[in-house]
Number of protein chains: 2
Amino acid sequence: MSQTVQLHDRLRAAILALDLAPGQRLTERGLESRFEASRTPVRAALVRLDSEGLVRRDGRGWIVSPIDTGEIGALGELREAVESAAIRLSVARASDLDIMAIIARLDAARPAHDEEQGVRAGGDFHVELAGLSGNTFMADAVRSAMTRLSRTRWLEVRTSEAREQAWAQHHEIIGAVAARDADRAAVLVVSHIRGTNERLLAFLDAEQRRLRWHGVAIVS
Amino acid sequence: MSQTVQLHDRLRAAILALDLAPGQRLTERGLESRFEASRTPVRAALVRLDSEGLVRRDGRGWIVSPIDTGEIGALGELREAVESAAIRLSVARASDLDIMAIIARLDAARPAHDEEQGVRAGGDFHVELAGLSGNTFMADAVRSAMTRLSRTRWLEVRTSEAREQAWAQHHEIIGAVAARDADRAAVLVVSHIRGTNERLLAFLDAEQRRLRWHGVAIVS
DNA sequence: TATACCAACTCGGTATCCCAAAACGAAGGG
DNA sequence: CCCTTCGTTTTGGGATACCGAGTTGGTATA
């Protein structure tokens with residue numbers, strides 16, 4: 001695997017794991033030495049991460065994208081629009097086999113032991129669900145939104161009850177798809193997204209001070 | 001302006017104007033000499049264009065993204081979902097002033113003399129309309145979709161009647177927003193998008209042979 | 001004539017060098 | 001003590017040299 005791709009993945013992982021704090025300044029030469037690669041792949045990785053919204057330009061330099069509550073709200077609105085449309089297409093188009101496969105994966109990930117698994121499982125579920133529509137742009141839009149959200153989404157799945165609830169709602173949603181009930185599936189997915197996002201923003205508001213204390217930049 | 005940005009714009013323009021044919025192979029060194037820049041900015045521009053979908057990797061090399069009818073259909077579906085949701089938000093949130101500004105721009109661009117202006121005006125209108133929602137992700141999604149579509153959209157606005165009709169429908173849509181009629185606005189925008197896309201795909205099907213003759217790669 | 005082999009070339013990936021501009025910091029003046 | 005100023009350092013942008021993999025075209029041999 002090329003250094004550029006490797007570096008992109010490692011940087012991405014470091015950002016999503018909050019090893020690189022939101023708002024933190026990045027220098028190409030600093031990353032060069034931290035990841036032991038030369039500037040060329042570092043720069044390529046930064047450009048890619050920029051297009052993913054995980055990193056952004058700050059004047060001449062680079063920063064890890066701050067966590068932006070306005071952005072989280074906007075992403076929720078986008079997800080409602082895209083995912084509800086995608087699920088209607090899925091109900092009309094997806095094969096029983098593909099639906100079963102998602103249910104199987106959901107059951108296999110049943111436990112959702114910790115926060116990280118919860119975040120991963122949730123993200124994967126929504127992307128796969130959108131993928132059922134057969135529309136890659138919708139799936140990509142959802143994947144992109146989940147990526148941008150994943151730095152904060154662990155807040156929402158901290159308790160095992162929250163993870164249980166998310167899992168149950170996911171099951172309900174895919175169940176409605178399996179039953180070919182488009183209206184119900186769309187209503188469920190919208191209310192799931194809205195509820196999740198509202199709780200997320202509430203948690204973020206509550207934890208704001210503590211997170212800022214740890215050097216996490218949060219803007220509105 | 002930096003060479004990277006300049007090169008990105010020039011390459012993008014060349015691709016959208018079909019100066020670089022869809023499917024054509026690109027080499028970094030070829031672009032380097034064609035645009036009289038060194039490989040560093042060429043590479044950066046290619047990476048950005050890759051994330052915009054105008055260029056893609058082909059094995060180890062690069063090609064101009066082929067025109068993909070399946071992609072066009074999928075983009076239409078995404079636009080229906082995003083733009084109808086955005087317009088509902090716009091009806092609820094946009095100020096009269098901002099709405100007036102769009103109407104003014106629409107009137108200023110009234111003539112839409114030629115195909116290129118028609119494509120530009122249409123794209124701008126839809127992006128600005130989505131921007132009224134205040135949700136930048138929705139506006140970005142629409143912008144990205146319009147970019148990917150713009151290489152073929154001239155097919156749809158070749159006749160002055162088609163440009164007139166598009167202009168009239170745009171006026172009707174923004175009128176419904178101004179009247180704060182969300183349902184009507186959503187219905188109008190969806191039927192506008194669907195009609196436009198269907199005509200576009202029909203034209204593309206009809207012109208397929210001629211375009212292929214000119215070296216344009218069209219896949220399904 | 002057909003095929004196997006090899007040399008030259010092309011290409012993207014990487015490392016590194018230079019440059020101008022911006023950021024930083026120390027010293028000096030108010 | 002604060003603010004300005006000027007020189008040093010750092011930084012991103014760009015150019016280029018080198019590498020190894022892959023392709024091509026030609027040649028020599030069977």
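Just the heavy atoms: all of them, side chains too, but no hydrogens, waters or symmetry mates, feed the values below. Each chain gets a letter, A, B and so on, in the order the sequences are listed, and its residues count up from 1.
Pairs of residues two or more places apart, or lying in two chains, that qualify as salt bridge (Lys or Arg N to Asp or Glu O under 4.0 Å) and include a residue from residues 44-58 of chain B are B/Arg12-B/Glu52.
Within residues 27-39 of chain B, the residues approached by DNA chain C to less than 4.0 Å at the level of any non-hydrogen atom are B/Thr27, B/Glu28, B/Arg29, B/Arg39, in residue-number order.
Residues passing the side chain to side chain contact (heavy atoms under 4.5 Å, CB included) test with A/Ser144, sequence neighbours excluded: A/Arg148. Judged as a ring-ring contact (aromatic ring centres under 6.0 Å, His included), and not counting sequence neighbours, the contacts of A/Phe125 are A/His170. In this view, B/Glu128 and B/Arg105 satisfy the side chain to side chain donor-acceptor pair (under 3.5 Å) rule, not counting sequence neighbours. Judged as a side chain to side chain contact (heavy atoms under 4.5 Å, CB included), and not counting sequence neighbours, the contacts of B/Asp205 are B/Gln208. Considering only residues two or more places apart in sequence or on other chains, B/Glu156 meets the side chain to side chain contact (heavy atoms under 4.5 Å, CB included) condition with B/Thr196, B/Arg199, B/Leu200. The side chain to side chain contact (heavy atoms under 4.5 Å, CB included) test applied to A/Glu77 returns B/Leu89, B/Arg93, B/Asn135, B/Met138, not counting sequence neighbours.
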Side-chain donor-acceptor contacts of residues 17-29 of chain A below 3.5 Å, not counting sequence neighbours, with atom names and distances?
| residue | atom | partner | partner atom | Å |
| --- | --- | --- | --- | --- |
| A/Gln24 | OE1 | A/Ala21 | N | 2.9 |
| A/Thr27 | OG1 | A/Gly30 | N | 2.9 |
| A/Glu28 | OE1 | A/Arg39 | NE | 3.3 |
| A/Glu28 | OE1 | A/Arg39 | NH2 | 2.9 |
| A/Glu28 | OE2 | A/Trp62 | NE1 | 3.3 |

Distance-only donor-acceptor hits, side chain of residues 213-220 of chain B, under 3.5 Å, sequence neighbours excluded:
none

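The footprint of chain B on DNA chain C, defined by a heavy-atom cutoff below 4.0 Å, extends from C/dC11 to C/dT14.
Salt bridge annotation for A/Asp107-A/Arg110: absent, with no cationic side-chain nitrogen under 4.0 angstrom from a carboxylate oxygen.
If you check every strand for non-hydrogen atoms under 4.0 Å, B/Thr40 touches a base. The residue A/Arg25 sits apart from the nucleic acid: no heavy atom pair falls under 4.0 Å. Here A/Leu26 lies in heavy-atom contact (under 4.0 Å) with sugar-phosphate atoms only.
Between B/Arg43 and D/dA15 there is no side-chain polar atom (N or O) within less than 4.0 angstrom of OP1 or OP2.
Taking the centre and axis of the six-membered ring of A/Phe203, the NZ or CZ atom of A/Arg158 falls inside the cone set by 45° and 6.0 Å.
Whole-Å rounding puts the A/Asp50 CG to D/dG13 P distance at 11 Å.
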Scan nucleotides 21-23 of chain D against the protein and return all N/O pairs shorter than 3.5 Å with their distances rounded to 0.1 Å.
none

